[in-house]
Amino acid sequence: MQPLNRPSHKRAFHYISLYNFAYIIFWIIFMLSVVVNKVNGMSEQRSNDLKSQAKDMFYHAFNNYMKYAFPDDELNPLQCTGRGSDKNDPHNTIINDVLGDYSLTLVDCLDTFVVFNDRKGFEKAVRDVIKYVSFDQDNKVQVFEVNIRALGALLSAHLFITDPRFGYSIKGYNNELLKLAHDLGKRLLPAFQKSKTGIPYARVNLKYGVPINETHETCTAAAGTLIIEFGVLSRLTNDTRFEDAAKKALFGLWNRRTDLNLLGNVINVQTGQWIHTASSTGAGIDSFYEYLLKAYVLFGETEYLDMFNEAYNSVLRYVKDETGYLYRNVNMMNGGLMSNWVDSLSAYFPGLQVLAGDLDNAIKSHLLYYNIWKKYNAMPERFNFHLRNVELATYPLRPEFIESTYFLYRATRDPFYLQVGEMVLKDLEYYARVNCGFASIKDVLTKSLDERMESFLLSETFKYLYLLFDTENKINSMDDNFIFTTEAHLIFLPQKYLKKHSKIRPSMSGAERSFCSIYEKPSPSKHLFTTSVITSRSDADFARELVGFEERTLPLLDPKGICEVPKSDPQVIEVSFGGLQESHEDDLIYQGQEQQQQIIKYVDGLIANRLKGLKLELTKRVDKKGYDVTKVDNYRVFPGQTFEIRDPAVKDFWVKQQTYQTSVLRVYFYNENNYNAYNYADYIAAVASFGPKITGELPIRTLVSVSSSLYGCVDYNIEETKLIEGNIIFVKRGNCTFVDKVLKAQQAGAKGIVIWSNENYLFQPASAAEKNDIWKFEIPCVLITYENGVELSRILEENEKYIQEGKNSSNIKVKILSHEREPTTNIKTNENNELLLTIYGHAIRNIRLNLNLNGN
C-alpha cells in the first residue's frame, strides 16, 4: 500500500509564504490607496464638515443682520444694533463712502444664496430688496464702493433669475433688480460727466450729483474698476452711456502710464496729472489689473487682454522683487522702491495670477501671505517686510487671501490650500465670532475687536470659503465666460449680449508667454509620503523667513536644564558708541549742534564724521547674507542707500563696543490648575541708560498697572500712590518722555518701572536729559517689546479675573535679573582687501568705510 502523498515541509512553507506575501501586498495596496486619496485632498467627511461650518458662519452673520440691523446698511456686531450713513459727520468717509442707507448688507450678499443653493433664501432676499431698497438718497458715496457692492450684486442676481439654466426664476419677477441697477447707474454718471478727462470723481451725491467743492483726487483702482459692472449694465439695458463712460475712464488711465508701462496710485481727474506716483499691486491700484483681464474673459475683446499683458509684464519686471515673493511699492517713473510694506488688499494678486496662467508666481506670492496669516492668525492691513512686523494692525475680515487660496486650489487641486482654508475658517470662528455676528479685528496682535461687520464678509469671505470646500458646487464646474467681480459677484453674459468680433485671441508672442510656467500636479509616485506638492517645494520655507515667522514644532529648552540653550542670530540689534545717546523720537528733548553736524544726509544715504554718541540699528537681511544698517539715531537708512563712516576711530570703537545692557524680567503668575502654585515666564528687557544698573537679582515685587494712567505721564493721586508704593509699575510707551514716566513712578514710591514698547524690537530707553544733575534716578527702568507687552497685559487681565472670582488675592509678581548681551564684533577684509564691519560673524552690507580723508 502506497503511503499518502503529503506536502513536504518545504511546500507547506511555500504555501504559507505565498499567503503572507499576498497579505502584505493587500495592505501595501490599501495604504497606497489611502496615500493617493490624501494626495487628492482631505477626506470627504472633513471637507463636508468645513463646508457646513462656512455656511453656518454666513447665516449666523446674515440672520443677526436681519434681526438687529435691517433695513440699515450694516450690523454693529458688538452692540447688536444697525448702522447707516453718518449724518452727524458728513466728513466721516470711512463710513459714508460705503453706507448710503440702501440696506447694503442685504443687497451685497444676494448671489451668496445661489452659491449655497438656497432658493428660498434667495427669493426672500430678492423680494426684500425690491420692497425696501431705494437709491434716491441725499448721501455722498464713493462711486467705486457702490459700484462693486450694490450695482454688481443687483446685476448678478438679475442674471441668475432670468437665466433658466440655473433654476432661480422668481414668479412675478419683472426685471425690478435691473431697473434698480439702471437707476443707480444713472445716479453715478455725473461723476464722469463733470470730469474734463473722463476719469470720474471719487464721490457723488446720489440725489444731487457731484458736490461743488468735491476733491479732484481719485485713485487708479476707483476709476479703473468700473468696466465690468457698467459694461454689463449697458448690454442688459441697451443704454450705452455706462460702458462708454467706464471705457473712457479706463483708457484715460492707461494712456497716462509711464514709459515703463506703470501707473501711479492717485490722479487728478481734471488735469490728468499723477499726484501719488507709487505703483504696486495693492491698495489704490489693485483691481485695475484685475478688471483688465476679467473684462477680456467676460466680453472677449482682445484690447483688454493686450493692456493686461503689457501691464502684467511691467509688474513682473519692476514691481516684483528679486526673490519672486514680494510685490512692492515702486516709483512709476523709474521703478525705485518707495516703501517697505505690503497690504492685505494685495493678497488678491495670486488669484489673478492663476487666471493669467502664471501658477508658479501665484504659488510664491501666496506663500508670503500664508505665512503672514500664520504669524498673526489674521491678515494685518499692512506688513513691513523690511522690519518683519505689523505696520497697520487692523483686519476687517477681508476676503483677498481666501480668494487667492480658492483659485489656487481650483487650479492645482493641492490639498495644502484646503488646509489653508481650514486654518482661516478656524481663526475667524475663534477670534471674530460674537453673539450677534462677526466683528472686525481691531488689532491682530491683541485680537481686540472693532464695532464693524462689513458687507464683503458675507458677499466674499464666506462665499470663497464655502466654494473652496464644496468641490462639486455647480459654480465650480462653470466653463464659459463668467467671472467673479472684485466683490465676488458672479457675472456671466449669454452670447446675445456679446459684440461681434474675433472669438479667438491671436497667438501671443514669446515675450507675452514668458511669465507662464507648467505646474506639477500631485503624483503618488513622486510624493508618496506627502499630501502636497506645495509643502514639499524646496523653497517653501523661504516665505516664512521673509516674514520672520518662527514656527515652533518643539518645546523651548528649559534654561535650568542640562542642555545649553542655543544662541540665535537676532533679527534686529542696536549698537551704541558711547557718549551722549539720543533716545527714540518720543523721548527726544534736544539735539545738540555737534550731533547735527556729525551726521550728513544726502541722496544715497547718510555720512557720519564722528561715531561717538551715535546709535545704530542693524537688521538681518532677507537673503540671510549679513546685516544692514536701517537706522542711525533718528535717521532712517532706506534700502539701496549706504551709511558712510569717515571716523577713523571706528577701528577702535567697533571691536570694543558693547550693546546696551539688558535684563531678564521674570514674571510669576498663578498656575490655572492650581491657584496656590506659581508658574513663571522670562522676558528679555532693555535697561535704560539712566538710573541704576542691574548687576544681580532684585527683590521680588508686585507688578501693578493703573487703568486711569496707562502711559504714566500724569501725577498719581493718593489712591493710585497707595497701589504703586513699594511695587513695580507697568506702563505703555508714548505721550511723554521715558524720564517723565520714571520720575512720576519714583515720586509715587515705585521700586521699578516696566515700559511696554510699541515696537517689536528692543532699544535702550535713553534721553539727553539723563546728563542733567537736577534729577536723581533711583529706580530701574526696563523696556519690553510690543508682543511681550501684549502677553504680559493679558496675564494681568487674567489675574484680575481670578481675584474677582475669589481664587487668589495677590497680584502678579516680578523679579528683575541681570543679563549679559555682548555680540561678537570684528573688522575684517573682503576679497578686494576692503575693510568690513562684522557682527555675529556676518558683514554689515550697506556700510562704506571712508577712512582716508584725514590721512589715515
### Query
Pick from T281, L352, D358, V319: which one makes a side-chain contact (heavy atoms from CB on, under 4.5 Å) with Y312?
D358
### Task
Check whether any side-chain heavy atom of F70 lies under 4.5 Å from a side-chain heavy atom of L106, and answer yes or no.
yes
### Task
Just say parallel, tilted or perpendicular for the rings of Y304 and F299, cut-offs at 30° and 60°.
tilted
### Task
Measure from the side-chain N and O atoms of N371 to the backbone N and O of L367, and report whether any donor-acceptor pair falls under 3.5 Å.
yes
### Message
Any donor-acceptor pair under 3.5 Å linking the side-chain atoms of S344 with those of E400?
### Response
no
### Message
Return the CD to CG distance between E74 and L458, rounded to the nearest 0.5 Å.
### Response
10.0 Å
### Task
Before giving the answer on side-chain contact (heavy atoms from CB on, under 4.5 Å), spell out for Y348 and Y289 the whole-Å C-alpha distance, their side-chain angles and the decisive distance to 0.1 Å.
CA-CA 11 Å; Y348 88 100; Y289 300 114; 3.9 Å; yes
### Query
Under 4.5 Å between any side-chain heavy atoms of L236 and N175, yes or no?
no
### Query
How far does CD of Q419 sit from CG of D414, to the nearest 0.5 angstrom?
8.0 Å
### Task
List the atom of F113, the atom of G121, and the distance in Å for their closest heavy-atom pair.
CD2-C, 3.7 Å
## Note on the structure
What one should report as the nearest heavy-atom pair of P380 and L392 is CB-O, 3.5 Å
#### Entry: Y291-F308 aromatic ring centre distance below 6.0 Å
no
### Query
Is the distance between the ring centroids of Y327 and F349 less than 6.0 Å?
yes
### Query
So which heavy atom on S459 is nearest to which on A488, and how close?
O-CB, 3.8 Å
### Query
Do you know which of F492, F482, Y173, F122 makes ring pair (Phe, Tyr, Trp, His ring centres under 6.0 Å) with F160?
F492
### Donor-acceptor under 3.5 Å (D343 side chain, A283 main chain)
yes
### Query
Quick one: are the ring centres of F383 and W373 less than 6.0 Å apart?
no
### Message
With rounding to the nearest 0.5 angstrom, report the OH to CG distance, Y102 to D108.
### Response
10.0 Å
### Query
Is a side-chain N or O of S440 found less than 3.5 angstrom from the main chain of M453, in a donor-acceptor match?
no
### Query
Within a radius of less than 6.0 Å around NZ of K179, do more than 12 heavy atoms belonging to other residues, nucleotides or ligands occur?
yes
## Note on the structure
When every non-hydrogen atom of A125 is compared with those of L110, the smallest separation belongs to CB-CD2, 3.6 Å
#### Entry: Step-by-step salt bridge (Lys or Arg N to Asp or Glu O under 4.0 Å) determination, K55 to D470
CA-CA 10 Å; K55 187 175 183 178; D470 188 12; over 6 Å; no
### Task
Walk me through it: do L490 and I475 pass the test side-chain contact (heavy atoms from CB on, under 4.5 Å)?
CA-CA 9 Å; L490 286 149; I475 301 300; 3.7 Å; yes
### Task
Given salt bridge (Lys or Arg N to Asp or Glu O under 4.0 Å), test E472 with K51 step by step and report yes or no.
CA-CA 11 Å; E472 302 303 318; K51 177 180 68 174; over 6 Å; no
### Query
Would R452 and D450 pass as an ion pair if we require N to O under 4.0 Å?
no
#### Entry: Heavy-atom neighbours of D480 CG exceed 12 at 6.0 Å
yes
### Message
Closer than 3.5 angstrom, by distance alone: can the side chain of N473 be matched with the main-chain N or O of L467 as a donor-acceptor pair?
### Response
no
### Message
Going by side chain to side chain donor-acceptor pair (under 3.5 Å), name the residues that satisfy it together with N117, two or more places apart in sequence or in a different chain.
### Response
R119, Y168
### Query
Hey, do the aromatic rings of F116 and Y59 have their centres closer than 6.0 Å?
yes
### Query
Does E176 offer a backbone N or O that forms a donor-acceptor pair with the side chain of N174 under 3.5 Å?
no
### Query
Does the side chain of M57 reach to within under 4.5 Å of the side chain of L425, using non-hydrogen atoms?
yes
#### Entry: Backbone N/O of F484 and side chain of K294: donor-acceptor pair under 3.5 Å
yes
### Message
Any side-chain to backbone donor/acceptor pair from D56 onto S52? Under 3.5 Å, distance only.
### Response
no
### Task
Would you check if there is a donor-acceptor pair between the side chains of N481 and Y296 at a distance under 3.5 Å?
no
### Query
Does some side-chain heavy atom of E290 sit less than 4.5 Å from a side-chain heavy atom of L293?
no
### Message
Could you check whether R149 pairs with D73 (Lys NZ or Arg NE/NH1/NH2 to Asp/Glu carboxylate O, under 4.0 Å)?
### Response
no
#### Entry: Side-chain heavy atoms of I95 within contact of R83, under 4.5 Å
yes
### Message
Run the disulfide (SG to SG under 2.5 Å) test against C219 and tell me which residues pass, sequence neighbours left out.
### Response
none
### Message
Just by distance, no angles: are the side chains of Y369 and S346 close enough, under 3.5 Å, to form a donor-acceptor pair?
### Response
yes
### Query
Counting only heavy atoms not in K442, do more than 12 fall under 6.0 Å of its NZ?
no
### Message
For D49 and Q45: C-alpha separation, side-chain torsions, deciding distance, then whether side-chain hydrogen bond (donor to acceptor under 3.5 Å, both in side chains) applies.
### Response
CA-CA 6 Å; D49 289 345; Q45 180 61 49; 2.9 Å; yes
### Polar side chain donor-acceptor pair, S234 to D239, under 3.5 angstrom
no
### Backbone of G152 reached by a side-chain donor or acceptor of S156 within 3.5 Å
no
### Task
Keeping the roles fixed (side chain from N147, backbone from T225), state whether a donor-acceptor pair exists under 3.5 Å.
yes
#### Entry: V444 side chain reached by T394 side chain, heavy atoms, under 4.5 Å
no
### Query
Taking side chain as C-beta onward, heavy atoms only, is E381 less than 4.5 Å from R398?
yes
### Message
Pair V114, F166 - check side-chain contact (heavy atoms from CB on, under 4.5 Å), show working.
### Response
CA-CA 9 Å; V114 175; F166 298 97; 5.7 Å; no
### Message
For Y376, is there any backbone N or O sitting under 3.5 Å from a side-chain donor or acceptor partner on K447?
### Response
yes
### Task
Could you please spell out the steps behind the salt bridge (Lys or Arg N to Asp or Glu O under 4.0 Å) verdict for R46 and E422?
CA-CA 10 Å; R46 184 63 186 147; E422 182 176 7; 2.4 Å; yes
### Task
State, with a plain yes or no, whether a side-chain heavy atom of M423 is found less than 4.5 Å away from one of Y370.
yes
### Message
Can you tell whether the side chains of E487 and K463 come within less than 4.0 Å, N to carboxylate O?
### Response
no
### Query
For H489 and E460, what are the C-alpha separation, side-chain angles and deciding distance, and is it a side-chain contact (heavy atoms from CB on, under 4.5 Å)?
CA-CA 8 Å; H489 295 307; E460 300 185 74; over 6 Å; no
